Asks: 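Dropping the structure in here first, questions after.
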Amino acid sequence: MKKWLSLSLIAALLLPLLTACAGPENETPSGEEGLALRVCAAAGQRSADPLEAVQAGGDTLLFHLYENLMRWEDDGTGHAVLVPGAAESVATEESYDGSVTYTFTLRRDAKWSDGKALTAKHFLYTWRRLFELEDTPAVVSKLYMVEGYFDAKREKNGALLTGVSAPDQYTFVITLTGHYAYFLDEFCAGGLTMPVREDMVKKYGAAWGQKAEAVITNGPYQLSSMSGGEVTVERNRYYHSPKAEGPETITFVPLESAQRDGGEQAYSQVESGELNFLTGLPQSVVSLRSGEGTLEVEPVPATCGLLMNGAAEPFDNEFVRKALAAVVDQEALTAAMGDPTLLAATGFVPWGISNRDNEWSVAEPVQQEPAVVLPEDLINGAQAEQPEETFWDYRAVGDYGSTKAGEDRETQVAGAKLLMSQGGYPNGENFPEVELLYVDTPQNEAAARYLQNVWKTTLNVAVTPRGLSETEARELLLSGEYTMAVFRFDAAFDDALAFLHRWQGKFGPKDGNLVSYADRAYDLLLSVVSASSDSAREACLHDAEELLLSAKSVVPLFYYGTTSTLSEELTGVYRKAGGAYFFDGVRLVEEESE
């Protein structure tokens, strides 16, 4: 298996476009004769409706059944990159008032799995439908940047969503209130706005999404069966860009069944050939591969952080925060936790988040990929014969590493003790009783115990770990009525802003600023981010992150990872940041030499 990391959208949208036609007039690609995959990559889904397939990993199923305006493609190395999908091109125009309009030109050969033409009106219905459901899904709130969003949501009337329109059969237009760098990949390639057929939704009502004959799709596969959480899809012969070597059928086995015994039985099924793919390897296999040096960890865009509430004593004292942070060794912490899938954190934004450091366009693709050269390469005089490298990951461009690098442990502790004295607690004297909250899992408990021990042994500071349910912990954090906590932060979308937005001074604990962090320079940087569409945006994000880290109210502890395995005789799986897997190009290994 390869390491799964997504390339930047910049490089993705500059890849050559590969299109092909398939339909009743064309010979359907034969693919692997009889190749029928069985994969365990997502939780069991109750429906194929893009708004109902919300169980863990649901996007993996949706990406096989549907194709949005944009789609994800394999760059040849296992990395998912963004390319035109149902739309063959997109033009962007920014108005004087700051609004941005995207004009998509649809493919003339795009069809549904029943042979009917896919048109802009189908996308228009899909976007409007989001606001007219009896129970509007909470995820729809992500579309707040679309013109008319608030009126449409308040009135439950999709016609009031003025930011979407279909001027003709092959043109779909979306107008946003400002620039949002993640808009194309998050909303024009993601599951939320994947096209659905109005006639089928109305014909089958509540049963739509659960019956194969009712689910008409426009992606590389169509629904064959759905029962007990197990879903089978088969080739869509009308898909415009089929892969000749792809499997004929794919059966998605519920991840829950593999997790009952820690994944041991599912892994044995991979070894026997009963199962072709498994995500989340059993701990025994993880430990074995880690010991052999063969473990490959796939990044999960999530960070576990230590929170010190700046609105509560004693953490309103910056010397205290900095002292406690100074003795935390992220490498030692992850080692103590004993989980090889965890990575010591070097910033708050984790690995697996896209870097958007250059302007890009899908209208005029070129053959080569741009390269980003780091400042140290220029200083050290990079050799001309060295290959240019493209940095697709936000963390790769701005990875600060350990701020304690070069310092021995004795120096670190001495500096922390001085800070404690400056804060009024020499040798920990008179330090108040403090609870360290954490969501009660073995991982979090191990982290909390490490922190408790390191603070007691180095600074003579006693804290009491307290495990809570996730609901209890979240309620306390949002109320602001706590002193310190260990908590996990996940990406709401594929952008560094998803991790940095919450810490603005205008937000309080109930809005997500859980430590009451406030810095005018930080707020100014994020205001520039919202108005920028070029490399200045990324630079401001990195500068803002450094400011946040310097305050020590939020101390990154570790990043999460996952593992997977594919049958040895197969290749061709690729993955996007966030965890969705793609199996439409899976083939026998022998074919690579042809």
Side-chain angles (χ1 to χ4, degrees), residues 6 8-10 98 178-183 186 299 301-303 305-308 310 318 321-322 325-326 328 330 344-360 370-379 389-406 489 491-507 511-557 559 577:
S6 69
S8 80
L9 297 183
I10 303 162
H179 179 83
Y180 297 85
Y182 50 88
F183 176 70
E186 182 70 18
T303 301
L306 167 66
L307 306 178
M308 290 185 270
E318 67 174 332
R321 298 195 306 268
K322 291 181 177 180
V328 175
Q330 282 81 357
T346 53
F348 186 62
V349 180
W351 289 90
I353 295 296
S354 294
N355 163 49
R356 309 174 191 279
D357 202 16
N358 294 305
E359 295 182 357
W360 40 262
V372 177
V373 180
L374 293 178
E376 54 264 35
D377 294 330
L378 299 176
I379 296 172
E389 186 173 2
T390 298
F391 291 93
W392 49 265
D393 194 291
Y394 171 93
R395 191 78 277 143
V397 175
D399 192 26
Y400 312 120
S402 173
T403 56
K404 310 178 196 56
F489 296 87
F493 47 89
D494 179 20
D495 194 84
L497 193 60
F499 289 89
L500 301 177
H501 180 262
R502 65 166 62 231
W503 310 113
Q504 294 178 80
K506 64 183 179 181
F507 298 136
D511 304 306
N513 188 349
L514 305 176
V515 295
S516 297
Y517 174 72
D519 186 299
R520 295 179 67 181
Y522 184 89
D523 295 347
L524 178 61
L525 286 167
L526 289 196
S527 69
V528 174
V529 166
S530 300
S532 300
S533 59
D534 54 19
S535 58
R537 179 183 190 275
E538 291 295 298
C540 287
L541 285 169
H542 285 291
D543 288 346
E545 185 183 20
E546 285 196 86
L547 279 177
L548 176 66
L549 296 181
S550 67
K552 304 303 180 185
S553 292
V554 180
V555 181
L557 298 177
Y559 303 134

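This structure is a prediction, so every number in the text was calculated from the model and none was measured.
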Asks: Within the structure provided, determine whether Arg537 and Val528 are in side-chain contact (heavy-atom separation under 4.5 Å).
Replies: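 No, side chains not in contact.
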Asks: For the backbone of Ala498 and the side chain of Asp495, can you confirm whether one donor and one acceptor N or O come within less than 3.5 Å of each other?
Replies: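 Absent.
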Asks: Side chains of Leu307 and Phe489, heavy atoms from C-beta outward: is any pair under 4.5 Å?
Replies: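 A side-chain contact under 4.5 Å exists here.
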Asks: Would you mind reporting whether Tyr559 and Thr346 have side-chain heavy atoms less than 4.5 Å apart?
Replies: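 Counting from C-beta outward, Thr346 and Tyr559 do come under 4.5 Å.
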Asks: With distance as the sole test, does Asp393 use its side chain to make a donor-acceptor pair with the main-chain N or O of Gly352 at under 3.5 Å?
Replies: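 Yes, because the side chain of Asp393 sits within donor-acceptor range (under 3.5 Å) of the backbone of Gly352.
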Asks: What distance separates Ser527 OG from Arg520 CZ, expressed to the nearest 0.5 Å?
Replies: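 If I round to the nearest 0.5 Å, the distance is 11.5 Å.
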Asks: If every non-hydrogen atom of Asp523 is compared with every non-hydrogen atom of Gly505, which pair is closest and at what distance?
Replies: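 That closest heavy-atom pairing would be OD1-N, 3.1 Å.
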Asks: Are the side chains of Leu549 and Val554 in contact, using a 4.5 Å heavy-atom criterion?
Replies: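 They are not in contact (no side-chain heavy atoms under 4.5 Å apart), so the answer is no.
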Asks: Using side-chain heavy atoms (C-beta onward) and a distance below 4.5 Å, is Tyr180 in contact with Glu186?
Replies: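 A side-chain contact is absent here, since even the closest heavy-atom pair is not under 4.5 Å.
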Asks: Dump the intermediate steps for side chain to side chain contact (heavy atoms under 4.5 Å, CB included) on Ile353 and Asp494, then the final yes or no.
Replies: CA-CA 6 Å; Ile353 295 296; Asp494 179 20; 3.8 Å; yes
Asks: Working note: Asn513 + Gln504, criterion side chain to side chain contact (heavy atoms under 4.5 Å, CB included); need CA distance, chi angles, decisive distance, verdict.
Replies: CA-CA 7 Å; Asn513 188 349; Gln504 294 178 80; 6.0 Å; no
Asks: In Å, rounded to the nearest 0.5 Å, how long is the span from NE2 of His501 to CG of Asp511?
Replies: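 One gets 10.0 Å once the value is rounded to the nearest 0.5 Å.
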Asks: Hey, mind stepping through Leu547 and Tyr517 against side chain to side chain contact (heavy atoms under 4.5 Å, CB included) and telling me if it holds?
Replies: CA-CA 11 Å; Leu547 279 177; Tyr517 174 72; 3.9 Å; yes
Asks: Applying side chain to side chain contact (heavy atoms under 4.5 Å, CB included) to Val555 and Met308, what does each step give before you reach the verdict?
Replies: CA-CA 8 Å; Val555 181; Met308 290 185 270; 3.8 Å; yes
Asks: Going from CG on Leu541 to CD on Glu546, what distance comes out if it is rounded to the nearest 0.5 angstrom?
Replies: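 If we round to the nearest 0.5 Å, Leu541:CG and Glu546:CD are 12.0 Å apart.
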Asks: Within the distance-only criterion (no hydrogens, no angle test), does the side chain of Arg321 pair as donor or acceptor with the backbone N or O of Ala551 below 3.5 angstrom?
Replies: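 Yes.
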Asks: If you look at every heavy atom in Gly512 and Arg502, which pair is closest and at what distance?
Replies: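 Taking Gly512 first and Arg502 second, the nearest heavy atoms are O-NH1, 2.7 Å.
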Asks: Is any side-chain heavy atom of Leu500 less than 4.5 Å from a side-chain heavy atom of Tyr522?
Replies: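 When only atoms from C-beta onward are counted, Tyr522 and Leu500 do touch, with a gap below 4.5 Å.
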Asks: Which heavy atom of Cys540 sits nearest to which heavy atom of Val529, and what is that distance?
Replies: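 Heavy-atom minimum between the residues: CB-CG2, 3.6 Å.
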Asks: Taking C-beta and beyond as the side chain, do Leu497 and Leu526 meet within less than 4.5 Å on heavy atoms?
Replies: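 Contact flag for Leu497/Leu526 side chains = yes.
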Asks: Say you draw a straight line from CH2 of Trp503 to OG of Ser553; how long is it, rounded to the nearest 0.5 Å?
Replies: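 Rounded to the nearest 0.5 Å, the CH2-OG separation comes out at 8.5 Å.
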Asks: Would you confirm whether Glu545, through its side chain, and Phe348, through its main-chain N or O, come within 3.5 Å as a donor-acceptor pair?
Replies: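 It does hold such a pair.
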Asks: State, with a plain yes or no, whether a side-chain heavy atom of Leu514 is found less than 4.5 Å away from one of Phe507.
Replies: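 Contact flag for Leu514/Phe507 side chains = no.
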